[in-house]
Amino acid sequence: MAEIKKTAVAKAPKLADPIASSIDKSTQELIARAQQLGIDTVFDRAAQMKPCAIGIQGICCKNCAMGPCRLPLPKGGIDGEDTRKGLCGATANTIAARNFIRMIAGGAAAHSDHGRCVAEVFLSAARKETDAYKIKDPNKLLAIAPFFDVAVTVEVDGQTQDRNIDEIALEVAEKALNEWGKAEGELRYLKRAPAPLYEKWTKTGVKPRNIDREIVEIMHRTHMGVDQDYKNLMKQGTRASLADGWGGSMIATDLQDVLFGTPYPLQSEANLGVMKEDHVNIIVHGHEPVLSEMIVAMSQKPEIIEYAKSKGAKGIQLGGICCTANEIFQRHGVPQAGTYLQQELAIITGACDAMVVDIQCVFQNLANVAECFHTKLITTHPIAKMEQDSVIHIEFDEHHALEDAEKIIRMAIDNFQNRGSEVMIPQYKASAIGGFSVESIQYHLGGTFRGTYYTLNDNIINGRIRGIAGVVGCNNARTRHNEAHIQVVKELIKNDVIVLTTGCNGIACAMEGLLTPEAAAVHCGPGLAEVCETVGIPPVLHMGSCVDNSRLLLAATEVVKAGGLGKDICDLPLAGSAPEWMSEKAISIGHYFVASGVYTVFGLHLPTSGAPVFHDYLSKEMEKMYGGRWDLEADPIKHAQMMIAHIDKKRQELGIDKARERVLMDMADRQALEG
Ligand code: BF8
């Protein structure tokens, strides 16, 4: 039996109020349990430490050693000329823009380096250097090959023949990897965007040249004494964010689908109640499916299950946290154990035999929490280690991936018997359906035969569906866990707006039971409820992890292509949202949504409020260039209503607002439609 070691809670004794910290009962119970055990969690730390009042406004410059220079807004705001400046003379606009695009660089680097890793594994698979990874979806490979100028057929004796799939894979792998550092040209995937959008990018000079270059150039331009014009800084921010959305992230999604399968709907469960007391519980946390796919495959091997049984367990229960949860949920139906803010709590159940982490969104405090229990915390990625000695590092490599996965799982199994008696798994979980890729939505709505988004467009035009919302992103310990996520989504579907979700919003919606077709009758307006019932889909479609926001870009492009709703993404009755954002990746995603024509609302705050001119540039001027713009609203209902107002404005511009009025106002008409 493991003895609980207590970590010292920092001097400030203030503890979080569990009820005020989360809307989720399992989270509330485990926060309280952690507090009883004297173990601090992110919720307590948020209660004990306030954010920096100047940093939060984006107006602290620490890019050279003469600073940090802090430019707080004068009390009562700016009356007349804004004379604030740093030692070098940098204005508040320059400082906020530099900080903002450095966040884009961080986010784009994280997504894109993830994509590069997948591309490298894909190249290894194409070269047959590894047995662990194989092409699972050759159709997807054939679908993406033309974007890399890779031929899928070959002429032999005047006859057109299918080309060897291994040859295609190898060529796609090499050309995909080249997107990170090619010397000239522009990103190949940009041409997948609607033509008018591509033209806008050409005209404004923001087409990314290669992925790495745009990120490096941000670091150069924001070095002391380089770019000192917030508009020119944002131009580079736009270029780097597009290199993320239409580059690194999109390549990551595509190659993951080729290697691991394009998601199709499947059923699972979500929340910490998916953990089982009598099973070996392995929590996989992070982002890259190259690791988690191997853990899933190995955990299903009969000899491994037998080994678990030989140690007294009934089997192996996998669960995911963060975007790893989304990846293995959408392809294998592995249950989602929780969102970003529940990572420490999974260990506090006392039933987590191993937590396996790779990259991004992983708390260093996991190590301290794991030390209080029997849990083995295992880091696996060469770029993501922890300083605490208790953490085990097993470096994962595609050339011996299955062996690595087996070692990790056996370690977890061996640890099962070390569990203490202090197990407390909250009994809350919900059914959830995931796996709505661009392709599977097409199939669901149009069938393979028709093969377009026509049915969706038709329902938008006739007003049963008012519009589309992409609601995505993180949790943030500065706001009540999942509250804004759920309120925004419920308000949207209540008003007949279909929601596409990714990231931690997707997990929050799963925990709330919104990823089921049955949720439509309970939560949706009559038009959306009818469509969901007829087609058999949930009102909230789970489209994967944060790199899979690229699926949202392509789904929007498919809607444009299907016709009747304008010629560009900015013409669509569509809006984006990140109600509880916290990461640099969210800023990069937000900005590539905006630069792709999407009206995008963030919750909480934006690190631009200390530079009102720069803030207005993002929230007003962007629309003139790209058709999309930033907006901010912390109140979830107002936040959703702003999205709905934008959707209605677009319906009016498209001349389809009257159809919606009829659907809403005329009951006889609705009954006729239902018939
Ligand atoms: O990439 S939504 S907290 S897990 S950053 Fe992180 Fe935010 Fe969750 Fe996935 Ni995305």
Side-chain angles (χ1 to χ4, degrees), residues 22 24 27 42-43 46 103-115 117-118 241 244-245 248-250 252-253 256 270 283-289 291-292 319-330 336-346 355-366 381 384 434 470-479 481-482 484-486 488-489 500-511 542-552 576-593 600 602-604:
S22 176
D24 170 51
T27 303
V42 63
F43 300 96
M103 291 184 85
I104 291 178
H111 285 145
S112 299
D113 221 31
H114 166 162
C117 175
V118 176
S241 70
D244 174 356
S249 282
M250 200 172 276
T253 297
Q256 285 168 183
I283 298 289
V284 203
H285 170 23
H287 283 78
E288 284 179 4
L291 161 76
S292 49
I321 296 265
C322 280
C323 281
T324 288
N326 291 314
E327 296 286 3
I328 53 183
F329 168 65
Q330 68 179 343
Q336 302 185 314
T339 64
Y340 170 72
L341 282 184
Q342 292 170 285
Q343 54 187 285
E344 292 164 301
L345 307 182
M355 182 176 277
V356 192
V357 303
D358 58 5
I359 48 156
Q360 299 168 25
C361 304
V362 175
F363 289 171
Q364 184 168 357
N365 198 56
L366 288 178
H381 206 289
V471 189
V472 309
C474 325
N475 292 135
N476 186 319
R478 299 297 178 189
T479 188
H481 171 238
N482 284 0
H485 277 315
I486 298 307
V488 167
V489 169
L500 311 180
T501 179
T502 62
C504 287
N505 180 274
I507 304 172
C509 289
M511 289 163 56
H542 183 279
M543 295 191 78
S545 66
C546 283
V547 296
D548 293 332
N549 281 312
S550 63
R551 297 194 203 276
L552 269 58
S577 158
E580 301 181 25
W581 78 281
M582 66 84 206
S583 82
E584 292 171 321
K585 291 182 285 176
I587 293 289
S588 182
I589 293 164
H591 197 61
Y592 73 64
F593 270 29
T600 303
F602 268 40
L604 289 143

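Hydrogens, waters and symmetry mates are skipped; everything else that's a heavy atom, side chains included, is used. Counting starts at 1 for both ligands and their atoms, following the listed order.
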Quick one: do the Thr253 and Ser550 side chains pair a donor with an acceptor below 3.5 Å? yes
Could you find the nearest protein heavy atom to atom 8 (Fe) of ligand 1 and give me its residue, atom name and distance? Cys504 SG, 2.4 Å
Full working for side-chain contact (heavy atoms from CB on, under 4.5 Å) between Asn549 and His111: CA-CA 11 Å; Asn549 281 312; His111 285 145; 5.8 Å; no
From atom 8 (Fe) of ligand 1 out to just under 2.8 Å, does an N/O/S atom of Cys546 turn up? no
Is it true that the side chains of His287 and Lys585 contain a donor and an acceptor less than 3.5 Å apart? yes
Do Gln256 and His114 get their side chains close enough for a donor-acceptor pair, meaning under 3.5 Å? yes
Taking atom types as modelled and ignoring hydrogens, do the side chains of Thr502 and Asp548 form a donor-acceptor contact shorter than 3.5 angstrom? no
If the contact criterion is a heavy-atom separation under 4.0 Å, does Met582 count as touching ligand 1? yes
Quick one: look up the protein heavy atom nearest atom 7 (Fe) of ligand 1 and list residue, atom name and how far away it is. Cys474 SG, 2.5 Å
Looking at ligand 1, does any of its N/O atoms fall within less than 3.5 Å of an N/O of Asn475? no
At a 4.0 Å threshold, what atoms of ligand 1 neighbour a non-hydrogen atom of Gly473? 2 (S)
Quiz question: by atom type and distance under 3.5 Å, do the side chains of His485 and Asn505 form a donor-acceptor pair? yes
Gln360 and ligand 1 - part of the residue with a heavy-atom distance under 4.0 Å: neither
Any idea which atoms of ligand 1 are less than 4.0 Å away from a heavy-atom of His287? 1 (O), 4 (S), 9 (Fe)
What residue among Cys361, Cys474, Cys546 forms side chain to side chain contact (heavy atoms under 4.5 Å, CB included) with Cys322? Cys361
Need the ligand 1 atom indices (1-based, order shown) with element for anything under 4.0 Å from a heavy-atom of Ser583. 5 (S)
Of all the heavy atoms in Ser545, does at least one lie under 4.0 Å from an atom in ligand 1? no
Are Glu327 and Ser545 linked by a side-chain donor-acceptor pair shorter than 3.5 Å? yes
Shortest protein contact, atom 6 (Fe) of ligand 1 (heavy atom only): Cys361 SG, 2.3 Å
Looking at Tyr340, which atoms of ligand 1 are within less than 4.0 Å of one of its heavy atoms? 3 (S)
Quick check on contacts: which atoms of ligand 1 are under 4.0 angstrom from a heavy atom of Cys322? 4 (S)
Winner among Gly286, Gly506, Cys323, Ser249 once heavy atoms are compared against atom 9 (Fe) of ligand 1: Cys323
Classify the side-chain pair Thr339/His481 by whether it contains a donor and acceptor separated by less than 3.5 Å. yes
